[in-house]
Amino acid sequence: FDKFKYHPSTIYLHTDPTFMPPNKRDWKCWNVEMSSGRKEPQLTFWLNEFYPDSNFDGHVFQTWAPTHAPVEETIITRSDFERVVHSKETRSYITKIGREQGNDGIYYAGSYCVYGMGLLEQALVSGKEASDRVLNDLLAPPKDVTSLETDVAPLKAMIIGAGPSGLVAAKYLLESKNPTYDVTIVESSDSIGGSFVNKVYDNCRLVSSKYLTAFSDDRMSEDTEICPDHPSTTQYVDYLKSYAERFGLRQHIHFGSTVVSVKDAESRNDVTDNKLGDDSNGYEVQYNNHKNQIITGDYDVVAVCSGLHNIEYVPKSFLPSSSDKKNTNIATKFKGQIIHSSQYKNPSIFAEKRVLILGCGETAMDIAHRAVSNPRCKSVALSVRRGFLSIPHNLAKDRPLDVFITNLFEHAYEHPWVHAYRLRWVLSTVFIRLFLFLTGSSLGFNQWAVQTGPVKRGYHIINKSHAAMGHLNVPVKRKSLWGRFWMWVYQEGGLRPIESFHKTEVTEVEDDGVTVIFGDGRKYAADLIVLATGYKQSFPFLDDKIRKEFREESVRARDEHNSCGGDMGKYSIEEEHLPKEHFIISKTRPHLGFIGFVRPNVGAIPPMSELQVMWWLEKMRGNVKTLDLKPGTPPSYMVLGRKYPYGVDYGNYMHRVAEDIDAAPTLSTLAKSSRPLQALYTYCIGQSMVSLFRLQGPYESKICWRVATGELWRVCMKRGFAENCGLLYMTWLSFLMNAIACTLECLWCILTLKKPKFFVRY
């Protein structure tokens with residue numbers, strides 16, 4: 001505290017008009033006056049303007065750092081105080097204070113606790129943060145008296161990766177009271193953030209909104225001037241660093257360290273009668289630290305949070321050593337440059353080049369737009385094997401796409417018969433196609449090229465990077481009057497075209513070394529090929545025995561109910577397998593958790609990771625109410641037409657996982673809140689934000705109650721009146737469907753003399 005510096009300040013509250021501009025027409029709410037010889041300006045607030053609803057007797061002013069005192073009889077009061085002065089150095093002091101928050105029951109609040117101007121606004125923010133911590137700590141379950149008396153040593157936990165999934169896993173493990181954990185985080189890079197630091201490029205932004213992406217009890221700023229609806233990756237990394245500082249995670253991270261192996265601890269006994277599984281003796285983990293030293297240790301639990309975007313996928317025909325008989329070795333014959341999208345950093349690489357981009361993901365669309373926007377780029381083409389569904393991440397200003405989804409009668413309180421026939425998804429499909437049709441194409445939002453086929457709710461993982469779509473549309477729209485009309489509507493006439501090669505792939509290279517030939521016979525001359533072919537799921541550090549167990553378990557599940565979907569192509573061959581239970585753990589290995597590897601259709605991975613960690617901890621405590629599915633029944637949350645073997649419907653997945661730990665909020669719980677209208681509407685007609693799954697259950701938080709009835713309520717209101725009416729109408733139709741299903745079930749049960757079940761888990 002001695003290191004903070006303070007600046008003396010004086011404020012007068014008065015009625016002296018001489019502190020305002022001479023001409024009253026120039027009076028403003030804030031009036032700044034600079035005088036020669038003074039470094040500090042005089043600032044006068046016109047309080048009548050500042051508080052327009054107040055009934056002052058005449059004009060009232062507040063002057064900060066006055067050049068002279070007001071006339072004596074006009075002075076209402078004078079205040080002398082010292083204002084904290086923040087600098088680069090105070091950031092580290094604030095971090096240290098944050099680590100002390102709550103220790104020995106002591107909490108700190110004041111403008112010195114928040115970086116900024118050192119004014120009452122920062123003091124208010126610090127008071128709110130301190131009170132949130134107090135409330136959260138008061139709600140935490142009391143420590144087990146027995147464990148305190150016997151001084152039980154904490155369990156050792158290893159977390160692989162310091163990205164969003166690794167950080168949230170560490171936070172919950174460190175907060176666990178029964179048992180407690182000694183946490184070690186191993187991160188291969190030198191910074192927090194994982195792929196958001198290592199795999200980013202120029203002007204990169206999140207395609208999921210800040211409302212959905214933020215963790216439950218540490219939210220991003222609602223002010224779009226400070227944090228836009230879709231933050232840049234730099235802003236998101238800053239958020240993650242702040243999260244790590246707030247919860248004291250950084251001190252547990254070993255940067256520049258790479259995990260070499262994870263295998264069963266040598267002391268393990270192969271038992272099969274352990275209720276929690278047979279890996280309770282833990283794992284031996286080896287990692288190479290920043291000094292290139294091999295560190296070996298035994299850990300009771302291991303969380304694999306190495307991320308989806310870790311190992312680049314390169315098609316076999318583009319590997320230098322390829323012997324693929326189907327495809328001529330392109331890498332050998334092509335004389336231009338071939339890079340993976342992970343190597344792209346800025347558009348200067350496209351200068352004076354003809355660019356061919358392979359892939360249909362959001363990165364491919366981002367890079368295509370950056371290439372075509374570079375005036376020095378000669379031409380751009382996009383090759384897509386299957387097509388995709390394109391809808392922009394922002395439908396309009398202040399209207400992120402991922403907040404236009406509801407919970408009631410879609411993910412919760414849905415009759416099993418309605419769910420079995422996907423009637424809610426059928427209804428949503430009608431509305432989605434109508435909406436898309438009004439944009440010019442029912443196969444995507446103003447999407448005339450590289451389409452995937454009929455749009456169906458629950459069948460697609462949406463591509464939300466839309467900027468390049470107009471350029472892709474140009475060659476197609478030019479072919480018809482109807483297309484030219486829509487070009488006029490969207491003002492696409494001046495856009496440079498991007499040529500598309502749809503439902504085909506590069507098969508060979510001509511003798512000139514630059515002209516590639518596609519399977520349909522078309523050709524394109526390229527100087528640069530960008531492989532935006534994504535990443536493959538790989539865990540090279542896992543012991544072969546563990547990988548074999550997961551592979552066999554996955555094959556059994558696929559044989560039972562085709563859990564990996566239809567034709568997965570390269571993914572079924574290249575990707576390693578995840579464990580079966582919600583893709584988090586294997587039944588025989590509950591202490592080895594995989595966090596953040598499912599792919600949501602319209603959602604974000606970080607909030608899913610948070611809920612996965614909550615579920616995993618409760619599973620290890622034996623508190624999970626697992627739903628026993630009949631053999632051959634796939635999980636209800638799987639995306640039906642998925643490209644990935646672990647593609648899930650975001651809201652459905654969140655609810656099914658939360659139900660296992662009694663964290664899915666019930667209508668009765670919401671109705672009992674201090675703001676029942678806001679709580680019910682936010683949940684029923686809103687998206688499955690992770691804060692909603694901390695309103696009840698083992699991780700209930702008063703902070704999350706305030707988020708739900710405050711921030712998330714405002715998010716729903718920002719969607720607009722017409723949009724909310726449309727969502728309410730869809731919910732009403734869904735209610736009618738479920739009511740009919742309940743009525744039919746009653747009639748069936750009367751005939752069969754059975755008891756109706758209505759809204760049971762599925």
Check step by step if ring-ring contact (aromatic ring centres under 6.0 Å, His included) holds for Tyr172 and Tyr699.
CA-CA 10 Å; Tyr172 276 87; Tyr699 298 95; 5.5 Å; yes
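Electrostatic pairing of Asp217 and Lys171 counts as a salt bridge here, judged by a charged N lying under 4.0 Å from a carboxylate O. Between Arg714 and Glu222 there is a salt bridge, with a side-chain nitrogen of the basic residue lying less than 4.0 Å from a carboxylate oxygen of the acidic one. With respect to Asp649 and Arg656, no salt bridge is recorded, no charged nitrogen being found less than 4.0 Å from a carboxylate O. For Glu410 and Arg424, the salt-bridge test passes: some basic side-chain N is under 4.0 Å from an acidic carboxylate O. Under a 4.0 Å N-O distance rule, the pair Glu553/Lys587 does not qualify as a salt bridge. Salt bridge status for Glu711 with Arg219: present, with a side-chain N to carboxylate O gap under 4.0 Å.
Classification of the Phe583-Tyr637 ring pair by plane angle, with boundaries at 30° and 60°, yields perpendicular. Ring-plane geometry between His582 and Trp615 is classed as perpendicular, the angle between the planes exceeding 60 degrees on a 0 to 90 degree scale with a lower cut at 30. Aromatic ring orientation, Trp425 versus His419: perpendicular (interplanar angle above 60°, classes split at 30° and 60°). The aromatic rings of Tyr683 and His655 are tilted relative to each other, their planes meeting at an angle between 30° and 60°.
Taking CD of Glu700 as the start and CZ of Phe693 as the end, the distance is 14.5 Å to the nearest 0.5 Å. Rounding to the nearest 0.5 angstrom, the gap separating the OG atom in Ser586 from the CD atom in Glu552 is 11.0 Å. Residue Phe404 holds its CZ atom at 8.0 Å from CG of Asn724, rounded to the nearest 0.5 Å.
Between Tyr729 and Trp732, the ring center distance fails the sub-6.0 Å criterion. Between His415 and Phe758, the ring center distance fails the sub-6.0 Å criterion. Remark: aromatic rings of Phe539 and Phe597 are close, center separation under 6.0 Å. In this structure, Phe594 has its ring center closer than 6.0 angstrom to the ring center of Phe550.
Between Arg399 and Glu723, the closest side-chain pair of non-hydrogen atoms falls below 4.5 Å. Contact check for Arg433 versus Pro454: side-chain heavy atoms found under the 4.5 Å cut-off.
Inspection of the Glu175 and Tyr181 side chains reveals no N or O donor paired with an N or O acceptor under 3.5 Å. Checking Ser691 against Ser216 by side-chain atom types alone, no donor-acceptor pair falls below 3.5 Å. Using a 3.5 Å distance cut-off with no hydrogens or angles, the side chains of Thr669 and Thr666 do pair a donor with an acceptor. Counted by atom type alone, Asp229 and Ser209 present zero donor-acceptor pairs between their side chains at under 3.5 Å.
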